[in-house]
Peer 1: 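Okay, here's the structure, questions in a sec.
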Amino acid sequence: MSSPPATTRSWRIFRHPGARAAGVVALVLAATLIRFLVHPWFGTRSPFLFFLPAILGAAWLWGVWAGVLALILSAVGADLFIEPLFTLSIPRGDQAFSMGVFLGLGAFLIFAADVARRARGESETGKEMLDQALRTAKMGYWDWDVSSGRVRWSENLEAIHGLPPGSFGSTLASYLDRIHPEDRAPVKNAIDQAARDGVDFEVDYRVPRSDGGFEWIHEQGHSVLAHRRVVRVTALATNITGRREADEARRYLAAIVASSEDPIISKDLTGRILTWNAAAERLFGYRADEVVGRSIELLMPPDRMEDYRVVIERIARGERVEHYETRRRRKDGTLVEVALTVSPVRDETGRIVAASKIARDLTEWRAMERERQRTRELLMGTLGHDLRNPLNTITASLFFLRRHAPEGVQHVVDRMTSSTDRMNRMIGQLLDFTRARLGGGIPLEKTAGDLGAICNEIVEEFSVQYPNRVRLAAEGGFPGEWDADRLAQAFSNLIVNAIDYGSPEDPVTVTMSRANGSARIDVRNRGEGIPEAERASLFEPFRRGTDAKRGARGLGLGLYISREIVRSHGGAIDVQSPPGEVVFTVTLPLPEEAAPASGRPPAGPSDPSRRRGTEG
Amino acid sequence: MQSPQPPTERFRFASPEGRQTDPPRARGRADDGTGLDCRVLVVEDDAATLEAVAELLEGEGVSVCKAHNGWEALELLRRGRVPGLIIVDLMMPVMDGWELCRRIADDEDLAPIPIAVVTAAAAVGRMPVRRNDAGFFIKPVDYRHLLEVVRRYSQ
């Protein structure tokens, strides 16, 4: 935008009244001096002429009062050049008349100058104000003279377009060049139509940025007509990138909400429904236009009115309500089980103004849960009962055979017995797997006891079959609440694993120690290490080792079940493999007030119903 | 019930003590298969298991009477057969092991009879009521252990 005229700025010093008066005096003195210098030629003719410019100038520059002062001073100055010369006297009547005419003319000049001055001042102030307003509003304009083809733009137009100064030439084409190619034709058409038909237009277009993004510009155009012909087209441009991006984000979010499979509802703190998505329509049977503006109580079964108020109160306090299972009433009156997650919605100032609610239809989830439960029971029933019954028949028959078959076939009975044992172990593992996977963890029956005693018992059991192979080193007691049978199963698995995969000439060592309020049990064997890549999946169910050291392979559930047992106790299991070694580490949290082990009852045999042999 | 043909042609049966035994004769004294001399009552719905367990016990010289469910067992007991031990499976049709145990416990004459419970169930939620508890076994049963119990109560 053009800067204010230089005159205004350089004459600003004359804002001060004294300076103005001095300026007036200087002007009049200058006029007097000029008149004096031309006196040889003029004599006493036209004594007033040279003073008129001074009056006009003073009035134009500094206003009416400066003009009046200049007029008075000029009257004095002009009097010097009236007969008798260089005296302040007006002896003749015609001279007085001339002075009168001069004063009248001067007054008129003052008046005229003032009028002109005001007109100019107003137009200038107006332009300045307009420019300022446009700058503040971050709007720019361009003006196209249709006949000449010349285009003028406001100084800030390029900045508004996100372009460096000098990007627009002086033609409409150079301006159009800056517009995104896809948007160029519509803009050009709109301008052409405005120029042709004298219509106004509004267009949005993109201007590519150097960073690959876009600036969005909104433009409102107007055609200026003269004698029914369009002479100019002007347009006001605004940068709307921020608004556009916000709109896009809002549209995007709105689309997510609309397409969500879960009903999403928002309501204000009085319970009035504000929004209602398509999934809510499907679940509750009400269309959005039926419920928006109405109270959420519409969905409440009579027995749930109270807990809904509790939810609203919690929201008002800024809390979030998560997975709140309740019932809601559909339009047709039927009830539906839902899980609600309700969150406070805040305005820009952080004030809670509404609540957003995601409802999840539990019908399907419940059906799935029932199906899961059914599968679990079916598996447990099949494995526990239907498979173990024939196994029991075989066991009984084998026992009979062992007692009565001749010596020569006893090895057959042995083989069958060992296979039956293996099969039974696998059934036990599958049962434990089913419990852990579908039943929410391996159930424990904890009794007070010493973990050291449990480990000791296990190691002793192994010493029968593998003399001197397994060694236990324990420091102090480890009193706590344990499921002795389950932990024995877990440790047995780890020791069997160590025996099977460790080098046969080296012992398997079980070390018990305390670390950070936990019992730490290390089961260590020498031998081939476990590669890093394999370690992560070691505890996964149905995992088979890559080597085939064991002739008779199991299901690959042993380590998984061990981990589940340890986890059920709140502990953790890990494996390390330093060179030539494999170390399984079990950590089990000890009770905080660790009483001496002797103060606790020893780990006695538990309920006979809990005897389960060696299922591990 | 017809007793199965013992495989005498192939095997010679011998008790651990080396005493010659004749399983069919040992329990085949009555045609109803219940045995006149009924030291152990086995209640088991799985026919093959029932036969195998009976055969095993008879092989050890223990006379056995058999019932396929709680109802049959109760009928036998009410008819005056009082065994030294009852081995009861829990999950059975008609009348299950829990119900049988409850009825025995409620009957003053039968209540003192020791009962060993056998089950294939993965987890037993509640144990049956027994006035005289002779043990609890999970299938597949450790028959060495069961035999000790049988010997203790059937002498």
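Side-chain atoms are counted along with the backbone in the values below, which use heavy atoms only and exclude waters and symmetry mates.
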Peer 1: Is the count of non-hydrogen atoms from other residues, nucleotides or ligands lying under 6.0 Å from M95(B) atom CE greater than 12?
Peer 2: yes
Peer 1: With a 3.5 Å distance limit and no angle check, can you tell me whether N392(A) reaches the backbone of V141(B) through a side-chain donor-acceptor pair?
Peer 2: yes
Peer 1: Nearest 0.5 Å, please: how far is CG in L147(B) from CZ in R403(A)?
Peer 2: 5.5 Å
Peer 1: Does atom CD of E325(A) have more than 12 heavy-atom neighbours, drawn from other residues, nucleotides or ligands, at distances under 6.0 Å?
Peer 2: yes
Peer 1: Can you see which heavy atom on N389(A) is nearest to which on A120(B), and at what distance?
Peer 2: OD1-CB, 4.2 Å
Peer 1: Take T393(A) and K139(B), measure what side chain to side chain contact (heavy atoms under 4.5 Å, CB included) needs, and give me the verdict at the end.
Peer 2: CA-CA 9 Å; T393(A) 311; K139(B) 292 178 184 177; over 6 Å; no
Peer 1: Measuring from atom CZ of F399(A) to atom CG of D142(B), what distance do you get when rounded to the nearest 0.5 angstrom?
Peer 2: 8.0 Å
Peer 1: Identify the two heavy atoms, one from G59(B) and one from H404(A), that lie closest to each other, and give their separation to 0.1 Å.
Peer 2: O-CE1, 3.4 Å
Peer 1: Return the option, out of T395(A), T420(A), I394(A), with the maximum number of heavy-atom pairs under 4.5 Å with chain B.
Peer 2: T395(A)
